[in-house]
Amino acid sequence: MFTTRPELTGDFGMVAGTHWLAAATGMSVLERGGNAFDAAVTAGFVLQVAEPHLNGPGGEVPILLWSEEEQRVSVVCGQGVAPSAATIERFAGLGLDVVPGTGLLAATVPGAFGGWMLMLERWGTWQLADVLAPAIHYAERGVPVLERISATIEQVRDLFADDWPTSAATWLPGGRVPAPGTSLANPVLAATYRRLVAEAQAASSTREGQIAAARDAFYQGFVAEAIAGFSAKTAWRDSSGEVHGGLLTGDDLAGWTASVEEPVTFDYHRHTVCKTGPWGQGPVFLQQLALLSGFDLGGMGHLSADYVHTVVESAKLAFADREAWYGDTDVPMTDLLSEPYNAGRRALVGAEASAELRPGSPGGRIPRLPDRPSAITAPSVPGAVAGVGEPTVGRGVAQRDISPDAERIISPDGAQRIVSPDSAERVMSPDGAERIASPGGAEQVISPDGVVRGDTCHVDVVDRHGNMVSATPSGGWLQSSPTIPELGFCLGTRAQMFWLQEGLPASLRPGARPRTTLSPSFALRDGRPWLAFGTPGGDQQDQWSLNLFLTLVHGGLNLQEAIDAPMFHSEHFPSSFFPRESRPGVMHIEDRVGAAVVAELRRRGHEVEVQDSWSLGRLSAVARDGVFLKAAANPRGAQGYAAGR
């Protein structure tokens, strides 16, 4: 099939990710003798500067890696925990039954720095100063402003100017929204990283000692002091429409460390897929495989109506279990992945689309789903709920009116899109929402109340020694909460994934990890390391990544062909993000699957929303295939890239 770019093949090293600067930087590390772990850490810090609307130092990072020396897959958990003061009673006292999607109340301990440092310390070879140097360079000199960065800042401009002045100082240089193609610097962040390096070098002369000293400076030193002071002494308008301070303290930061864990795995057609534990949504990928192992997907034909229907219906069942069972607690994963359990669940996949959310009873346990929170009333303050959510997933289209000058698209909900060639897309929905999307790119959704949904980043690396990394950094994006002026970054809002309801696996409690959507992936083939892959996309991550994996296993396509292939996903289950909405029966699919497939899916009862040809997913992947290393990256959005030789 036609591909937008070649599948890269070589034997020295490969890097793939969601921004070309990260891919190029990671490759430069490999060229200068660094290993895959050094390259991934360096690229990860560059992503904080190059994609500040998608991640930042105040966010988090889960990582899956293969160490050739250790001959094993490990999970690095760079997901911070809820503050000690974060209780359901505390939020109820504020009149809240859902955690706000922006502001200080939703902050967990920033885990990204600790996660990256742990991988560098244990598996890397480079010095701290060397891995931070490219990020410092770009923060001081500036990065080219992506259209999406400019659009995001434009939509929160009034919020920054009126309510979050520390963010205005950082992201509105000269009081103006930076235009696409201009340069945007963050000298305060550069100074923060320079100070971390200086304090680390003053504290120790060894590589490991400097990494430990930098970690101490972040979680117990000047960074922690600035975070704790900002959280305790300031209050800001958030997505509830009210003004709130934060809950994070210095003790919360000092008491947390990143950790190394065993992956959860499932064997499927010669492959062993590895994911994080159920403190994240990762095992839902494995549950989908457990269900699909009883179907002849290869015989159905790749992207046929039978194929798509079966995958979507299996996703509905697996994600229903995510809602009922996943969290930072004792989760019955053995039962959830067992064949007897999945044989019974598999029988629920019928010829017609289901409109129900149907969790199972692993080991005879009784499932319990969260209650829906009360209706979220958008505050009248412009921009008060800006920055909530994560996935940049657009709505479907049912009718197109194409002229040489522009395309007008009328969606099933009555939305109208006006698309001019070579320009961004403007979408006006019946509720007054406006959406802006670049041709061929992921969509940035802006509601009338100012909501801007952010996204996430991803990077994959394989080196000549055979080491491999899959990492999905996210959180702490520029629109999530006010910038801490002494540090040049803001806190994340991952606590919005907790439920403010007692007795659930994902209920809010002090010291717990939120059930994150961040979900890097790793797969072995015939017991040997094969594929490191992943994508941004919130709840869609373990649907789009699954699509890629199934396409490689059953579709017979190469890495780039599989990434370029039409994508689809379901919105049947509750969102992990404020305000926790769901759209039962709704699925999205790119129009390249063809009208016949769409018509058959609708006949089976799916509420199909057809998306533009290149709009779903931001996948990237690297692989070991015999004597060769391979890589591919997503063309959607004209941003992701792979590099290698």
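Residues take their numbers from the sequence shown, with the count starting at 1. Side chains are part of it too, since the values below use all heavy atoms of this structure and drop only hydrogens, waters and symmetry mates.
Note on Arg624 versus Glu68: salt bridge recorded, some NZ/NE/NH1/NH2 to OD/OE distance being below 4.0 Å. At a threshold of 4.0 Å, the pair Arg148-Glu51 does not count as salt-bridged, since none of the basic side-chain nitrogens sits closer than that to a carboxylate oxygen.
Although no hydrogens or angles enter the test, the distance criterion places a donor-acceptor pair under 3.5 Å between the side chain of Ser470 and the main chain of Phe533. Looking at His53, its side chain never comes within 3.5 Å of a backbone N or O of Thr152 through a donor-acceptor pair. Between the side chain of Thr170 and the main chain of Gly488, no donor-acceptor pair closer than 3.5 Å is present. Panel note: side chain Gln496, backbone Val99; no donor-acceptor pair is recorded below 3.5 Å. A distance-only check finds no donor-acceptor pair linking the side chain of Asp216 to the backbone of Gly221 [under 3.5 Å]. Side chain of Ser167 to main chain of Thr483: a donor-acceptor pair is present (N/O by atom type, distance under 3.5 Å, no hydrogens or angles). The main-chain N or O of Thr25 is found under 3.5 Å from a side-chain atom of Ser28 such that the two form a donor-acceptor pair. In this structure, the side chain of Arg207 engages the main chain of Trp126 through a donor-acceptor pair within 3.5 Å. Side-chain N or O atoms of Gln201 include none that pairs as donor or acceptor with a backbone N or O of Leu128 at under 3.5 Å. Remark: the backbone N or O of Arg618 is paired with a side-chain donor or acceptor of Thr535 at under 3.5 angstrom.
Between Ala168 and Phe160, the shortest heavy-atom distance links the atoms CB-O, 3.7 Å. Contact between Val197 and Ala129 at its shortest, heavy atoms only, is CG1-CB, 3.7 Å. Here the closest non-hydrogen pair linking Met497 and Thr516 is SD-CA, 3.4 Å. Looking at every heavy atom in both residues, Cys490 comes nearest to Ser481 through CB-O, 3.1 Å. Contact between Phe218 and Pro110 at its shortest, heavy atoms only, is CE2-CB, 4.2 Å. Closest approach of Gly644 to Met14, counting heavy atoms only: CA-SD, 3.5 Å.
The distance from atom CG of Asp328 to atom SG of Cys77, rounded to the nearest 0.5 Å, is 8.0 Å. Taken from CD1 in Ile153 to CD in Gln479, the straight-line distance is 8.5 Å, to the nearest 0.5 Å. Taking CG from Asp252 and OH from Tyr219, the interatomic distance works out to 12.5 Å, rounded to the nearest 0.5 Å. The OG1 atom of Thr4 sits 3.5 Å away from the CG atom of Asp564 when rounded to the nearest 0.5 Å. Taken from CD1 in Ile211 to CD in Glu121, the straight-line distance is 5.5 Å, to the nearest 0.5 Å.
The side chain to side chain donor-acceptor pair (under 3.5 Å) test with Ser620 is passed by exactly one of Asp460, Asn634, Thr18: Asp460.
In Phe12, the CZ atom is crowded: over 12 heavy atoms of neighbouring residues, nucleotides or ligands sit closer than 6.0 Å. For CD of Glu69, the number of neighbouring non-hydrogen atoms (other residues, nucleotides, ligands) closer than 6.0 Å is 12 at most. Within 6.0 Å of CZ in Arg32 there are more than 12 heavy atoms belonging to other residues, nucleotides or ligands.
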Using residues 41-49 as the side-chain source, report each donor-acceptor pair under 3.5 Å to any protein atom, sequence neighbours left out, with the distance given to one decimal.
from  : atom 1 : to     : atom 2 : distance (Å)
Thr42 : OG1    : Asp38  : O      : 2.8
Gln48 : OE1    : Tyr193 : OH     : 2.6

Side chains of residues 136-145: which donor-acceptor partners sit under 3.5 Å, not counting sequence neighbours?
from   : atom 1 : to     : atom 2 : distance (Å)
Glu140 : OE1    : Arg194 : NH2    : 3.1
Glu140 : OE2    : Arg194 : NE     : 2.7
Glu140 : OE2    : Arg194 : NH2    : 3.4

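No hydrogens or angles considered: nothing links the side chains of Asp542 and Ser545 as a donor-acceptor pair under 3.5 Å. At a cut-off of 3.5 Å, with distance as the only test, a side-chain donor of Ser576 or Asp539 sits close to an acceptor on the other residue. Side-chain N/O atoms of Arg494 and Ser474 include a donor and acceptor closer than 3.5 Å.
With contacts defined as side-chain heavy-atom distances shorter than 4.5 Å, the pair Leu491/Ile484 qualifies. The shortest side-chain heavy-atom distance between Pro263 and Phe522 does not fall under the 4.5 Å cut-off.
Looking at residues two or more places apart in sequence or on another chain, you find a salt bridge (Lys or Arg N to Asp or Glu O under 4.0 Å) between Asp625 and Arg525, Lys630.
Annotation: cation-pi geometry satisfied between Arg5 and Tyr641 (NZ/CZ under 6.0 angstrom from ring centroid, within 45° of ring axis).
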